[in-house]
Amino acid sequence: MAEYSNQSSALTDARPFAVPELCNAGAISLLVLFGELLVLVLLFAGGEVSWMRLALMSLFVQWVALTSAGLICLSRRWLAGLGLVTGSLVAFAMVMTVTFVYGLISGYVVSGSLGAIGWETLAGQLIIAGIITVLALRYFYVQQQLRAQEQSELESRIQALQSRIRPHFLFNSMNIIASLIPTDPDTAETVVEDLSELFRASLNDAGNQVQLADELDLCERYVRIEALRLGDRLKLNWQVETPGRGVKIPLLTLQPLLENAIYHGIQPLPEGGTIAVRLWFEGNRVNVEIDNPLPPESLRSQSQGNKMALNNIRSRLAVLYGARAELSTSQKDGRYVTALSYPRSLDEAPDV
């Protein structure tokens, strides 16, 4: 039993400490607001109600709150590496120390002598600070657990949505290979090898995001396969700014959009057409536009298909970036335009 207890304690302390995020203006504003609410509660809980008492209590509470927040903010990385139990105890000790020091200072200022400090008042201040600190640490721990659970659920959703796209890509690619086998088996063999490389790259990727340059390479490989089937009917106009290595995109985002443009814009037209792919950066955002010819109404009804690819991409973007990502479609001057815009990195997107 003792061994089991020691193992449980070790596992508990191995969990990361949920260090409160107190290093931004929003957190400081909330801290000041809650501090003043506490002052009002204490003011009307007992004793004289006066402006002077309100001012002194506000000064004390705000100094304790802001100094404690500053210490935790400055030692954030160090506290995060201490583990759950140790980090919580150290953060608790910081707040208690700050409260004790300011309690001594305020008592000395009011009484004029260390010997005349009201130790009962100081003890009450420490008890109140301790209770609030324990509740706050518990709140941040529960919040961290909820965020971890939400992140796990989001990753599961991303994988499920991504797995729905891959069979769609494989099915259409295999049709291309099947059409080449009777006429050009050597080329078909080359396409199979090329396709295997595409799938190996996607399966070996560690996360749900890949380098934007790799996604563009995937699109070029796919277009080369489609060009073998459509010949001169398929023309591409690439207007792509060179992406840096730090720019990423959810795996299989652009390729399905390009696939839709080919199947619903080029394939129905006997004469084919040109697909324009534009990619540019504007501030901290990545913008992509893919437009294709809009078939006549008589041919369009045969090529509409379903919106699974668009819906899946929208869902994945919403999971990763929330409202900061946009995927829209429109018709302009006889062309069908798909526009995508999303933040350069997940750090610039809000929590969802």
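As a basis for the values below, the full set of heavy atoms in this structure was taken, side chains included, without hydrogen atoms, waters or symmetry mates. Along the sequence shown, the residues carry numbers beginning at 1. Just so it is clear, the model here is predicted, and its values are computed rather than measured.
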Check: [Y] and [X] side chains under 4.5 Å, non-hydrogen atoms:
| X | Y | result |
| --- | --- | --- |
| Val288 | Ile249 | no |
| Leu122 | Thr99 | no |
| Thr133 | Met94 | no |
| Ile225 | Arg221 | no |
| Arg138 | Tyr141 | yes |
| Arg324 | Arg285 | yes |
| Glu215 | Leu218 | yes |
| Leu42 | Ile128 | yes |

Distance from [X] atom [atom1] to [Y] atom [atom2], nearest 0.5 Å?
| X | Y | atom1 | atom2 | answer |
| --- | --- | --- | --- | --- |
| Trp280 | Gln239 | CH2 | CD | 9.5 Å |
| Ile132 | Leu38 | CD1 | CG | 4.0 Å |
| Ile266 | Ile275 | CD1 | CD1 | 4.5 Å |
| Asn292 | Arg335 | CG | CZ | 6.5 Å |
| Leu79 | Leu89 | CG | CG | 11.0 Å |
| Glu259 | Cys219 | CD | SG | 10.5 Å |

Inter- and intrachain pairs under salt bridge (charged side-chain N to carboxylate O under 4.0 Å, His left out), touching residues 75-93, at least two apart:
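Checked against salt bridge (charged side-chain N to carboxylate O under 4.0 Å, His left out) - neighbours excluded - the pairs reaching residues 75-93 are Glu21-Arg76.
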Side chain to side chain donor-acceptor pair (under 3.5 Å) partners of residues 270-279, not counting sequence neighbours, each pair once
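Of all non-adjacent pairs touching residues 270-279, those that pass side chain to side chain donor-acceptor pair (under 3.5 Å) are Arg278-Glu289, Arg278-Asp291.
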Let's go through Leu257 and Leu310 carefully: what are the C-alpha distance in whole Å and the side-chain angles of both, what is the deciding distance for side-chain contact (heavy atoms from CB on, under 4.5 Å) to 0.1 Å, and is it a yes or a no?
CA-CA 7 Å; Leu257 297 179; Leu310 287 175; 3.5 Å; yes
Leu71 vs Val98, test: side-chain contact (heavy atoms from CB on, under 4.5 Å). Steps then yes/no.
CA-CA 9 Å; Leu71 288 175; Val98 170; 3.5 Å; yes
Look at the side chain of Ser68 and the backbone N and O of Ala65, then say whether any donor-acceptor pair between them is shorter than 3.5 Å.
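Between the backbone of Ala65 and the side chain of Ser68 there is no qualifying donor-acceptor contact (under 3.5 Å).
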Within one Ile-Leu-Val-Met-Phe-Trp-Tyr cluster: Leu195 and Ile181, side-chain cutoff 4.5 Å
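Yes; tracing contacts between hydrophobic side chains, which count when under 4.5 Å, links both residues.
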Residue pair Leu340 / Thr253: nearest heavy atoms and the distance that separates them
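So the two residues come closest at CD2-CG2, 3.9 Å.
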Hey, is CG on Asn237 packed in by over 12 heavy atoms from elsewhere, all under 6.0 Å?
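Counting other residues, nucleotides and ligands, CG of Asn237 exceeds 12 neighbours.
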Could you check Phe281 against Asn287 for side-chain contact (heavy atoms from CB on, under 4.5 Å), going step by step and ending with a plain yes or no?
CA-CA 6 Å; Phe281 303 98; Asn287 301 287; over 6 Å; no
Run Trp78 and Val90 through side-chain contact (heavy atoms from CB on, under 4.5 Å) and show every step you take.
CA-CA 10 Å; Trp78 176 64; Val90 171; 3.7 Å; yes
